[in-house]
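Bear in mind the structure is a predicted one, so any value in this text is a computation, not a measurement. Counting convention: from 1, in listed order, for ligands and their atoms alike.
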Amino acid sequence: MSAVPPSRPKVLMVSPMPDWDLAPMREAYELIDLPAGGLGGLATTADITALVTSGGRGAEAALIEALPALELIAVYGVGYDRVDLEAAARCNVAVTTTPDVLTADVADMALALTLALARRIVDGDAFVRSGAWPNGAMPLTGNVAGCKVGIVGLGRIGEAIARRFAGFDTKIGYWNRSPKPSSSWQAFPTPAALSAWADILVVAVAGGGDTVGLVDAATITALGRDGLLVNISRGTTVDEAALIAALESGAIAGAGLDVFRDEPTIDPRFSRLGNVVLSPHQGSATVATRRAMGALVRTNLAAHFAGKALPTAVLSRHS
Ligand code: 8YV
């Protein structure tokens, strides 16, 4: 008589993950892809106990509530602004994220966008490729050394950005919701005050209801005609309409953006602007970091199903 194989926990894959994560996950779990048309496309949702989602996709209340056996939402990312935490708490569902392992790469992206923007790297590339160089030099550009860099949100990623900019001989100021007495950088009382001081404003604050439009029209224009804005946080944290207006009118000099309000669809006006560098939300998108993020998702899943404490929970279950 052959033994009945033990059934593997069912895990709903709301967002894709690389094969290097899927292969080991399939050994431990039955992975179920969320159908394009939603949960209605599944024969049953009654025994799905965990779901994996990205920072950008998250998990809304309707999804959480439609999964009666759900115990864990494992976010493949550090941002959980798109996860309905109230619904998760109500349904006694734990939520984990992947902090720390992506901090360095996201901070690097902030520096890359700033340098690309100030030194017009993308324009320079196009200039060389076009064959225009023999006819005369490319116009002079702005620079970063000696500039005042204002960081909106001095969390883990904001701190890492500040440390990197310090290596570029810049002056660093910041705004943070709660005071950071241990920080040696100059604190400002509001994002607008920080922006009025800064030459370059880097937005690194967490997304979510509290920070929607935090960098508003007044904060953007306070940067001035030579000012640069860089956003690696969430598209929601900057008033996008006000940013486009400021870029179109020349109220600020330029923007380097890794995040957009309605990504992956972007406002078509961005593509017509010559003073922006646009990146398709690539902050954490390196092989090394995505491997580390995937490993952390799997560690959290394994801990949950072994009944152990979750290594990186932002919300735990009550017993
Ligand atoms: C990822 C992110 O793009 O960590 C986050 O919150 O936005 C990014 O690292 C995403 O979560 C990976 O799918």
A.B. asks: In Å, rounded to the nearest 0.5 Å, how long is the span from OG1 of Thr49 to CG of Asp47?
C.D. replies: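 Answer for the OG1-CG pair, Thr49 versus Asp47, is 8.0 Å.
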
A.B. asks: Between ligand 1 and Ser54, is the shortest N or O to N or O distance under 3.5 Å?
C.D. replies: no

A.B. asks: Tell me which pairs pass side-chain hydrogen bond (donor to acceptor under 3.5 Å, both in side chains) where either residue lies in residues 162-173, with sequence neighbours left out.
C.D. replies: Asp108-Arg164

A.B. asks: Would one find an N or O of Gly55, backbone or side chain, under 3.5 Å from an N or O of ligand 1?
C.D. replies: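 Checking ligand 1 against Gly55, an N or O pair does fall under 3.5 Å apart.
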
A.B. asks: Would you mind telling me if ligand 1 is within reach of the side chain of Arg290, the backbone, both or neither, using heavy atoms under 4.0 Å?
C.D. replies: side chain

A.B. asks: Could you tell me the residue and atom name of the protein heavy atom closest to atom 5 (C) of ligand 1, and the distance to it rounded to 0.1 Å?
C.D. replies: Val78 N, 3.4 Å

A.B. asks: For Gly79, take its heavy atoms, then give the atoms of ligand 1 lying under 4.0 Å from any of them.
C.D. replies: 4 (O), 5 (C), 6 (O)

A.B. asks: Which of the numbered atoms in ligand 1 are under 4.0 angstrom from any heavy atom belonging to Tyr76?
C.D. replies: 10 (C), 11 (O), 12 (C), 13 (O)

A.B. asks: Taking distance alone, with N or O pairs closer than 3.5 Å, would you say Leu102 contacts ligand 1?
C.D. replies: no

A.B. asks: Would you mind listing which atoms of ligand 1 come within a distance below 4.0 Å of any non-hydrogen atom of Ser284?
C.D. replies: 1 (C), 3 (O), 8 (C), 9 (O)

A.B. asks: Students should be able to answer this: which protein heavy-atom is nearest to atom 2 (C) of ligand 1, and at what distance?
C.D. replies: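 Nearest protein contact, heavy atoms only, for atom 2 (C) of ligand 1 is His281 NE2, 3.6 Å.
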
A.B. asks: When the ring planes of Phe270 and Phe260 are compared, do they come out parallel, tilted or perpendicular, using 30° and 60° as the limits?
C.D. replies: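 Taking Phe260 first and then Phe270, their aromatic rings stand perpendicular (interplane angle over 60°).
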
A.B. asks: What distance separates Gln282 CD from Thr289 OG1, expressed to the nearest 0.5 Å?
C.D. replies: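 Taking CD in Gln282 and OG1 in Thr289, the distance rounds to 12.0 Å.
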
A.B. asks: Atom CG in Asn176, atom CD1 in Ile151: separation rounded to 0.5 Å?
C.D. replies: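 That separation rounds to 10.5 Å.
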
A.B. asks: Is the backbone N or O of Gly235 less than 3.5 Å from a side-chain atom of Arg261, with the two atoms forming a donor-acceptor pair by type?
C.D. replies: no

A.B. asks: Do Arg272 and Glu248 sit within salt-bridge range, that is, some charged N less than 4.0 Å from a carboxylate O?
C.D. replies: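 Looking at Glu248 together with Arg272, the answer is no, because their closest N to O distance does not fall below 4.0 Å.
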
A.B. asks: Between Gly56 and ligand 1, does any nitrogen or oxygen pair lie at a separation below 3.5 Å?
C.D. replies: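 Not met; the criterion fails.
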
A.B. asks: Going by the atom numbers of ligand 1, which of them fall below 4.0 Å from some non-hydrogen atom of Arg234?
C.D. replies: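 Those atoms are 2 (C), 5 (C), 6 (O), 7 (O).
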
A.B. asks: Below 4.5 Å, heavy atoms only, C-beta onward: do Leu115 and Ile121 meet side chain to side chain?
C.D. replies: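 No, every pair of side-chain atoms sits at 4.5 Å or beyond.
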
